[in-house]
Amino acid sequence: MSTRKQVVEILNQVADLLEIKGVDYKPRAYRRAAREIDSLTEDLTDIYEEGRLEDIPSVGKNTAEKIAEILETEKLEYYEELKKEIPIDPELLKVRNLGPKKVKKIWDELDLTSLAELEEALKSGKIREIKGFGPKSEENILKGLKIVKESQGKSHLSEVLPEARRIKEGLVDSSLFDKVSFAGSLRRRKYEVGDVDILATAGDRDKAMDHYTTLDGVEEVLSKGETKSSVRIKTGLRVDLRIVDSASFGSALQYFTGSQEHNVRLRQLAISKGYKLNEYGLYAEEAEEKVAGAIEEEMYQKLDLSWIPPELREDRGEIQAAGEGELPGLIEGDDVMGDLHCHSARSSDSHIPLDVLVREARKRNYSYLAVTDHAEISGIVGGLTDDRVAEHVDQIESANSAVEELDLLAGAEVNIQPDGTLDLGDGSLKELDVVIAGVHSHFDRSRAEMTERTVRAMENPNVDIIAHPTGRKIGERGSFDLDWGKIFARAEETGTALEINASPARTDLEDKLIKRAKEEEVKLTIGTDSHRVNHLDYMELGLNLARRGWCEKANVLNTLPLSDLRAWLAG
DNA sequence: GCCGTTTTCGGCCCGACTGTTTTCAGTCG
């Protein structure tokens with residue numbers, strides 16, 4: 001575990017324990033600090049060594065000392081003491097319907113500290129006997145416990161989006177609703193989505209809710225009311241529908257889109273300007289006069305902010321930027337001119353014949369597409385070798401001359417060896433239009449070695465793009481640790497682009513690193529890493545990532561017309 | 001514990017819902 005993750009984990013657990021203890025405000029302070037540290041892209045150790053810990057927002061003298069202690073000793077005495085005082089597994093707090101107060105209560109009453117003990121106490125009926133609990137609590141905690149045990153219950157955006165769209169369509173098509181919009185993390189296009197939030201207005205709410213809870217695909221109705229109903233659909237996904245007055249649609253949309261951190265910040269701003277902000281509207285303080293509510297844009301406008309695209313609402317400086325008129329003009333789907341990372345059937349793990357790639361690219365109105373087949377990794381046969389590159393280039397060129405309005409680029413995805421060399425020779429790489437280099441093996445090296453390895457690959461003048469820079473595979477292996485200061489600096493100096501790999505299994509780079517890359521003036525590309533026909537659709541996911549990373553059209557190379565792209569690739 | 005175009009001390013977002021209570025505490029988003 002990286003030291004940064006370790007610090008974040010300990011600070012969050014300190015917050016958990018303090019919350020159980022019943023301390024006010026401190027837990028929030030620790031959590032805020034943890035969140036800031038988690039979103040750092042700079043190396044925490046560097047910050048510490050340069051004595052800049054207190055420059056991190058929400059980190060004061062006290063927390064800085066604690067971070068220093070963790071970095072030096074990999075432990076925190078304060079945390080160890082707390083654990084002795086309150087020997088409770090913080091996992092308990094993840095159980096829905098079980099917060100710090102109730103956790104403390106069951107510990108006080110039954111001396112139970114773990115999920116296993118909780119389950120036992122529930123089953124033997126001990127929980128319901130505690131004052132303040134009852135049969136309903138028992139039932140709800142059991143439900144919450146089940147969800148915790150069945151993994152953390154988050155799904156990838158790519159799985160959720162089609163289901164959510166189907167539900168939304170089912171609402172729109174019924175004509176029972178006037179406005180229907182996604183809200184929540186789905187609207188912000190986070191790559192991990194817990195549940196789907198839909199917001200709507202409707203004339204006849206009862207009829208509308210009846211329709212919703214009986215939609216095709218609904219497995220279970222979790223709750224049903226006039227303003228809010230929740231269902232679980234066949235894939236296990238939970239979908240919440242809220243029906244609001246159209247006079248409050250904008251404020252509700254703003255509110256339910258979040259993020260929570262964004263909303264807190266926005267409310268603070270509202271207060272400082274003499275307003276009160278809630279999901280029903282924006283109110284002038286004394287008069288209780290509603291000044292905005294029906295339209296989301298107006299909510300921001302009245303607070304002297306430009307409208308903030310949902311993807312940016314993460315409290316990463318967007319409110320300040322909106323106040324100063326400095327929000328980025330985010331990249332749009334139509335800006336993308338082509339896909340720079342696709343595999344044809346030549347790659348032994350891809351099943352897309354070249355003519356199918358061509359067909360799909362044309363269908364999407366791309367003006368170019370790079371066919372970047374794998375170099376042969378030891379043990380996997382059939383990939384590109386120095387002997388086969390000429391044939392690959394010939395094949396692409398002849399396919400190219402057969403199609404109009406689309407240019408195929410001959411490329412390769414080569415492997416970065418542990419020492420930073422590549423598995424195709426420079427002579428071969430020179431023949432190719434696009435060279436993507438990526439780490440595909442030997443992930444267990446140190447931060448310094450991984451950084452050096454990647455930097456060396458960037459220093460090869462034939463390398464255009466670093467593929468999936470952190471190497472992570474979601475649910476399989478984490479990101480490897482890199483010295484991002486060095487990576488971004490060398491990328492910028494060598495004119496190497498970093499890839500936003502749109503494949504849901506990778507989702508790499510992530511938004512916060514994209515944002516930092518942009519700030520460091522590093523060029524980015526969006527690639528789908530397609531190995532199957534339907535993977536070309538991942539472009540939308542890559543676009544979401546880029547937008548969440550504050551990218552404008554100018555930051556992403558595959559928005560360039562072909563001639564400019566070629567000039568960049570050649571440079 | 002942090003922070004300051006209301007403050008270096010005194011605040012720290014806000015409302016709905018639920019289940020348990022006899023008027024509200026706890027949890028959630």
Side-chain angles (χ1 to χ4, degrees), chain A residues 11 14-15 18-36 53-67 78 92-106 127-141 143-144 147 183-188 193-197 199 222-230 238 240 242-244 248 251-283 285 303-304 313 315 319-320 323-324:
Chain A
L11 292 181
V14 166
L18 288 173
E19 212 161 39
I20 293 168
K21 202 174 158 183
V23 177
D24 261 349
Y25 303 112
K26 283 191 193 184
R28 208 184 310 171
Y30 277 102
R31 255 187 252 289
R32 266 202 297 256
R35 183 174 171 267
E36 289 293 342
L53 283 178
E54 286 188 58
D55 292 350
I56 301 170
S58 302
V59 174
K61 184 163 173 292
N62 202 299
T63 312
E65 277 170 14
K66 292 191 166 64
I67 296 168
Y78 177 58
L92 280 172
L93 288 175
K94 291 189 182 153
V95 176
R96 236 183 127 74
N97 306 312
L98 206 53
K101 297 278 160 44
K102 288 190 166 175
V103 165
K104 177 157 195 307
K105 187 118 200 187
I106 56 177
I127 295 288
R128 65 200 300 176
E129 288 164 11
I130 303 174
K131 193 173 153 88
F133 292 72
K136 269 290 184 184
S137 302
E138 179 185 279
E139 194 186 322
N140 287 333
I141 296 169
K143 273 187 194 161
I147 292 171
S185 54
L186 183 67
R187 183 164 180 240
R188 303 200 309 279
V193 177
D195 51 23
V196 173
D197 292 298
L199 198 70
L222 300 170
S223 73
K224 189 181 169 195
E226 199 192 326
T227 59
K228 184 192 166 189
S229 298
S230 300
R238 182 187 153 132
D240 293 352
R242 284 187 179 79
I243 300 182
V244 299
S248 296
S251 45
L253 188 57
Q254 193 288 313
Y255 177 77
F256 288 111
T257 297
S259 65
Q260 204 169 350
E261 291 84 356
H262 173 89
N263 285 353
V264 166
R265 181 82 57 176
L266 201 65
R267 273 177 200 198
Q268 285 167 347
L269 181 72
I271 291 168
S272 76
K273 289 180 184 285
Y275 291 110
K276 190 180 77 161
L277 175 62
N278 60 32
E279 63 254 54
Y280 298 108
L282 183 69
Y283 300 85
E285 206 171 23
L303 295 169
D304 302 319
R313 299 183 195 172
D315 189 23
I319 290 176
Q320 191 185 353
E324 292 164 356

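In what follows, chains are A, B, ... by sequence order, proteins preceding strands, each numbered from 1. Side-chain atoms are counted along with the backbone in the values below, which use heavy atoms only and exclude waters and symmetry mates.
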Next item on the list: Please state the C1' separation for the pair B/dC14 and B/dT22 - nearest whole angstrom.
Entry: 26 Å
Item checked: Test item: A/Ser58 side-chain N/O and A/Arg32 main-chain N/O as donor-acceptor pair under 3.5 Å -> no
Check: With distance as the sole criterion, is a donor-acceptor pair present between the side chains of A/Arg187 and A/Thr257 under 3.5 Å?
Finding: yes
Next item on the list: Any chance you could list the contact pattern along nucleotides 4-9 of chain B? Use B for base contacts, S for sugar-phosphate-only contacts and - for none, protein heavy atoms under 4.0 Å, 5' to 3'.
Entry: ------
Item checked: Side-chain N,O (A/Asn263) to OP1/OP2 (B/dC14) below 4.0 Å -> no
Next item on the list: Determine the interatomic distance between P on B/dG4 and the same-named atom on B/dC13; round to the nearest Å.
Entry: 14 Å
Note to self: Whether A/Lys276 contacts B/dG15 is assessed here as follows: a side-chain N or O lying under 4.0 Å from the phosphate OP1 or OP2. Is that the case?
What the structure shows: yes
Note to self: I'd like to compare against my own output: the B/S/- annotation of nucleotides 21-29 of chain B with a strict under-4.0 Å heavy-atom distance to protein.
What the structure shows: S----SSSB
Next item on the list: With heavy atoms under 4.0 Å as the rule, sort A/Lys104 into base, sugar-phosphate or nothing.
Entry: nothing
Margin query: Under 4.0 Å, heavy atoms only, any strand: does A/Pro57 hit a base, just the sugar-phosphate, or nothing?
Written below: sugar-phosphate
Check: A/Gln268 has an atom CD; how far is it from atom P of B/dC12, in whole Å?
Finding: 10 Å
Note to self: With a 4.0 Å cutoff (strictly under), does any side-chain N or O of A/Thr63 reach OP1 or OP2 of B/dC2?
What the structure shows: yes
Margin query: Tell me if a side-chain donor or acceptor on A/Asn278 pairs with a main-chain N or O of A/Gly281 at a distance below 3.5 Å.
Written below: yes
Check: Which residues satisfy the side chain to side chain donor-acceptor pair (under 3.5 Å) test with A/Ser185, sequence neighbours excluded?
Finding: none
Next item on the list: Would you tell me whether A/Lys66 and A/Asn62 have side-chain atoms, one donor and one acceptor, within less than 3.5 Å of each other?
Entry: yes
